[in-house]
Protein chains: 4
Amino acid sequence: MAESADDRLRLLIERIERLEEEKKGISDDIKDVYNEAKATGYDAKVMRIIVRLRKMKPDDRREQECVVETYKNALGLD
Amino acid sequence: MAESADDRLRLLIERIERLEEEKKGISDDIKDVYNEAKATGYDAKVMRIIVRLRKMKPDDRREQECVVETYKNALGLD
Amino acid sequence: MAESADDRLRLLIERIERLEEEKKGISDDIKDVYNEAKATGYDAKVMRIIVRLRKMKPDDRREQECVVETYKNALGLD
Amino acid sequence: MAESADDRLRLLIERIERLEEEKKGISDDIKDVYNEAKATGYDAKVMRIIVRLRKMKPDDRREQECVVETYKNALGLD
DNA sequence: ATTTTAGGAGTGCAAC
DNA sequence: GTTGCACTCCTAAAAT
């Protein structure tokens with residue numbers, strides 16, 4: 001036959017490898033932005049927190065922040 | 001000789017395995033506490049956040065919370 | 001001034017968010033390839049192992065495989 | 001009442017914190033064993049692989065190793 | 001049954 | 001160079 005099982009497997013693997021390279025490139029780009037931000041004086045760690053918060057649905061986020069406050073108060077945290 | 005290299009390696013591996021079992025037991029205990037808390041009506045996810053916050057040095061924590069607030073304001077978050 | 005600090009921060013965050021979306025898209029593509037492979041009868045877990053092995057330098061890989069064999073023999077594994 | 005909700009939450013949190021300390025202690029012990037092994041000339045990375053292999057059911061392990069071989073051959077790996 | 005979520009392990013980077 | 005930190009991956013549990 002024109003295409004052996006071995007070739008099929010190889011093609012799948014190679015597609016994955018190409019995609020992983022692309023992904024790696026983007027990860028590097030993200031790292032660059034954080035470094036650029038840090039060089040400008042921003043706190044990268046906090047920026048990561050912000051990105052996470054913005055991923056949440058606003059209502060969920062506010063709800064959670066509220067519960068966190070409650071628990072902090074219960075424990076005398078802050 | 002009394003103790004072959006093979007035995008030495010085996011003993012090291014077995015010590016690691018014993019320790020990993022202990023660790024697993026404790027992880028399960030922690031999980032139990034969270035489940036108990038959840039059954040009592042507490043929000044386990046928020047509890048995890050609290051545990052993380054309490055691990056930080058209070059000054060660092062307050063400093064970070066402050067920067068988070070600043071960035072949130074800058075982005076109109078909240 | 002034309003560009004406030006707030007805008008600068010916002011732009012950085014938005015660049016990160018765009019890049020993370022792209023990255024997410026590629027991750028999904030990779031997942032799709034694995035699913036396609038699985039549907040064809042391949043073992044996705046083993047494919048992941050293969051991808052990892054192909055990432056290594058051939059000499060390093062062979063060297064490591066050799067040491068693994070040695071340790072397995074020492075422990076009567078296999 | 002004798003025990004307020006705040007106390008209940010605090011007690012749960014403190015139990016978790018104690019357990020996490022124990023867990024951390026064991027993790028450190030494990031690290032120590034790997035370091036001791038390394039000092040004796042063993043390859044810690046390979047030891048981790050061995051530990052993982054020994055966790056698997058022997059039949060599953062052999063089956064998987066077999067499929068890995070097959071795929072490696074299909075790709076001319078080795 | 002599918003999809004999300006958390007914990008753990010491993011890897012690589014970075015700072016010291 | 002080594003220690004710690006952060007990101008990724010993967011497995012397993014959980015919720016829907």
Side-chain angles (χ1 to χ4, degrees), chain A residues 16-17 19-35 37-39 43-49 51-52 55-57 60 64, chain B residues 16-17 19-35 37-39 43-52 55-57 60 64, chain C residues 16 19-20 23-24 26-28 30-35 38 43-57 60-61 64 68, chain D residues 16 19-20 23-24 26-28 30-35 38-39 43-57 60 64:
Chain A
I16 291 166
E17 287 171 341
L19 288 165
E20 291 205 345
E21 272 171 53
E22 283 182 56
K23 193 159 79 126
K24 171 82 169 61
I26 295 179
S27 293
D28 290 344
D29 289 345
I30 293 173
K31 219 169 291 181
D32 288 345
V33 180
Y34 278 116
N35 283 331
K38 201 190 305 188
D43 183 323
K45 190 165 177 168
V46 172
M47 286 178 65
R48 288 179 197 278
I49 294 173
V51 169
R52 218 182 313 129
K55 260 187 209 146
M56 298 177 72
K57 279 187 286 185
D60 291 352
Q64 184 179 89
Chain B
I16 291 166
E17 286 171 342
L19 289 165
E20 292 204 344
E21 272 171 53
E22 283 183 56
K23 194 161 78 131
K24 172 83 168 62
I26 296 180
S27 292
D28 291 344
D29 290 345
I30 293 174
K31 224 170 285 183
D32 288 345
V33 180
Y34 278 115
N35 283 332
K38 205 189 303 189
D43 182 323
K45 190 166 178 169
V46 172
M47 286 178 64
R48 288 178 197 279
I49 294 173
I50 296 295
V51 169
R52 218 181 314 129
K55 261 188 210 145
M56 298 177 72
K57 279 187 287 186
D60 290 353
Q64 185 179 89
Chain C
I16 291 166
L19 289 165
E20 292 206 343
K23 194 161 75 130
K24 172 82 168 61
I26 295 179
S27 293
D28 290 344
I30 292 173
K31 226 169 284 183
D32 288 345
V33 180
Y34 279 116
N35 283 331
K38 204 189 306 189
D43 182 324
K45 190 165 178 169
V46 172
M47 284 178 66
R48 286 178 197 277
I49 293 173
I50 296 296
V51 169
R52 212 179 325 125
L53 291 175
R54 277 169 56 109
K55 261 189 206 141
M56 299 176 72
K57 278 186 288 184
D60 290 352
R61 177 175 53 77
Q64 185 179 88
V68 170
Chain D
I16 291 165
L19 288 165
E20 291 207 343
K23 193 160 75 131
K24 172 84 168 62
I26 296 179
S27 293
D28 290 345
I30 293 173
K31 222 171 287 183
D32 288 346
V33 181
Y34 279 117
N35 282 331
K38 203 191 304 188
D43 183 324
K45 190 166 177 168
V46 172
M47 285 177 65
R48 286 178 196 278
I49 294 173
I50 296 297
V51 170
R52 214 182 318 126
L53 291 175
R54 277 168 56 109
K55 262 189 207 142
M56 298 177 72
K57 278 187 288 187
D60 291 353
Q64 185 180 85

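All values derive from a computational prediction rather than experimental measurement. We name chains A, B, ... by the order of the sequence lines, and we start the count at 1 in each one.
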| message | Among dA9(E), dA15(E), dA15(F), which nucleotide has an atom closest to any side-chain atom of K38(A)? | response | dA15(E)

| query | What integer distance in Å separates I30(C):CD1 from dC9(F):C1'? | reply | 11 Å

| The side chain of R48(C) lies closest to which of these nucleotides: dG10(E), dC10(F), dT8(F)? | dC10(F)

| said: Return whichever of Y34(B) or K45(D) has its heavy-atom-nearest nucleotide of DNA chain E closer to the 5' end. | reply: Y34(B)

| request: State, to 0.1 Å, how close L19(B) and I26(D) come at their nearest heavy-atom pair, and which atoms those are. | output: O-CG2, 3.4 Å

| Rounded to the nearest Å, what distance is computed from the NZ atom of residue K57(A) to the C1' atom of nucleotide dT5(E)? | 15 Å

| field | Basic-acidic side-chain contact under 4.0 Å: E17(A), K55(C) | value | no

| request: Can you tell me the distance, in whole Å, between the CD1 atom of I50(C) and the C1' atom of dC10(F)? | output: 17 Å

| query | With a non-hydrogen cut-off below 4.0 angstrom, is K55(C) in contact with a base, only sugar-phosphate, or nothing? | reply | nothing

| field | R61(C) CZ - dT11(E) C1' separation (whole Å) | value | 19 Å

| field | Rounded interatomic separation in angstrom, taking CG from D32(A) and P from dA6(F) | value | 18 Å

| Atom-pair distance (CZ on R52(C); P on dG10(E)), nearest Å | 10 Å

| said: Between K31(B) and I49(D), which residue's closest nucleotide on DNA chain E lies nearer the 5′ terminus? | reply: K31(B)

| message | Rounded to whole Å, how long is the line connecting atom CG of D43(B) with atom P of dA6(E)? | response | 10 Å

| How far does CG of D29(B) sit from CD1 of I16(D), to the nearest 0.5 angstrom? | 11.5 Å

| request: Starting from P on dT4(E), measure out to CE on M56(A) and report it in whole angstrom. | output: 15 Å

| note | In this structure, CG of N35(D) is separated from NZ of K31(D) (nearest 0.5 Å) by 9.0 Å

| query | What nucleotide among dC10(F), dA9(E), dG8(E) has an atom nearest to a side-chain atom of K23(B)? | reply | dA9(E)

| field | For the student: nearest non-hydrogen atoms of L53(C) and R61(C), plus distance | value | O-CD, 3.6 Å

| query | Mapping E20(A) and K24(B) onto DNA chain F by nearest heavy atom, which one lands closer to the 5' end? | reply | E20(A)

